[in-house]
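What's counted below: heavy atoms across the whole structure, side chains too, no hydrogens, waters or symmetry copies. As the structure is a computational prediction, the values presented were derived from the model and not from experiment.
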Amino acid sequence: MQSINSVVADADKSTVKASAIFWPFCLSFLFASLLALSAFAIHLDVRIFQNDMGEASIIEVGQEAYLLIAVILFGLVAIKDESQRGFAVLVTGFFATIFIREMDGILDAIRHGIWKYPAWLVSVSAIGYSIFHLKTTTQPLVRFTSTPAFGMIVGGVFTLLVFSRIYGMNILWQAAMGEHLDPAIKAYIKTMAEEGVELLAYSLILFASAWYTLPCLFKRR
């Protein structure tokens, strides 16, 4: 007859196996849901509201909301976790700088190009803080690079800063749509495609940011 201890041990192993399968599926479902939400946002802009992809469009608001959430998440880590404060401040500053750049359409109403000043202030401040607190910057940064969230954030950032810029070049869309299509329609299609790719990039950044920061924020001390 099997001992009670062996039965308990087998039950614990089964629980661990079930947990190991359950959580990856949950994460996959949440990620797929976020991507679906982003895709439906494009459908709403184009098919329902027929927006011009301007600052008030759902795509633009979604981009800014995703990025702002990432800023808040890493900012909360900087506040709550002293052991990785320098690293969290650096990442917060990086995403906050991109967020300020995304808000240039609103800030230009004050003065054209004024977004550069707060962007420089935030970035220099974040870099300066991380340099003067290397112990809480370098070690957490090294640990972060070994997490799956790091690869996803890097993929999102490169999709945003590299792929979307090359993909959105006028020369590509002029070649794709020819000379006979109405210029306004060509501009709309180009903008929709480029902004859609950017929304995808911000989706990756948001999910990866939550993937990394939420366990840090809710871990038991």
### Message
Once ring-ring contact (aromatic ring centres under 6.0 Å, His included) is applied, do any residues pair with Tyr167, and if so which ones, sequence neighbours excluded?
### Response
Phe163, Trp173

#### Entry: Partners meeting salt bridge (Lys or Arg N to Asp or Glu O under 4.0 Å) with Glu60 (sequence neighbours left out)
none

#### Entry: For Tyr117, all residues meeting ring-ring contact (aromatic ring centres under 6.0 Å, His included), sequence neighbours excluded
none

### Message
Does anything in residues 94-106 form a side chain to side chain donor-acceptor pair (under 3.5 Å)? List the pairs, not counting sequence neighbours.
### Response
Arg101-Asp104, Glu102-Tyr202

#### Entry: Ile42: side-chain contact (heavy atoms from CB on, under 4.5 Å) partners, not counting sequence neighbours
Val46, Ile59, Met192, Leu199

### Query
Which pairs count as side chain to side chain donor-acceptor pair (under 3.5 Å) when at least one residue sits in residues 119-132, sequence neighbours excluded?
none

### Query
Among pairs that include at least one residue of residues 149-160, which meet side chain to side chain donor-acceptor pair (under 3.5 Å), considering only residues two or more places apart or in two chains?
none

### Task
If a pair satisfies side chain to side chain donor-acceptor pair (under 3.5 Å) and one of its residues is in residues 182-192, list it, with sequence neighbours excluded.
Lys190-Glu194

### Query
Going by side-chain heavy atoms closer than 4.5 Å, which hydrophobic residues are tied to Phe132, directly or by a chain of links?
none

### Co-members of the apolar cluster containing Leu90 [side chain, <4.5 Å]
Ile127, Ile131

### Listed partners of Phe207 passing ring-ring contact (aromatic ring centres under 6.0 Å, His included), at least two apart
Phe31, Trp211

### Message
Please give the remaining members of the hydrophobic cluster of Ile58, linking ILVMFWY side chains under 4.5 Å, ordered by chain and number.
### Response
Leu44, Ile48, Phe49

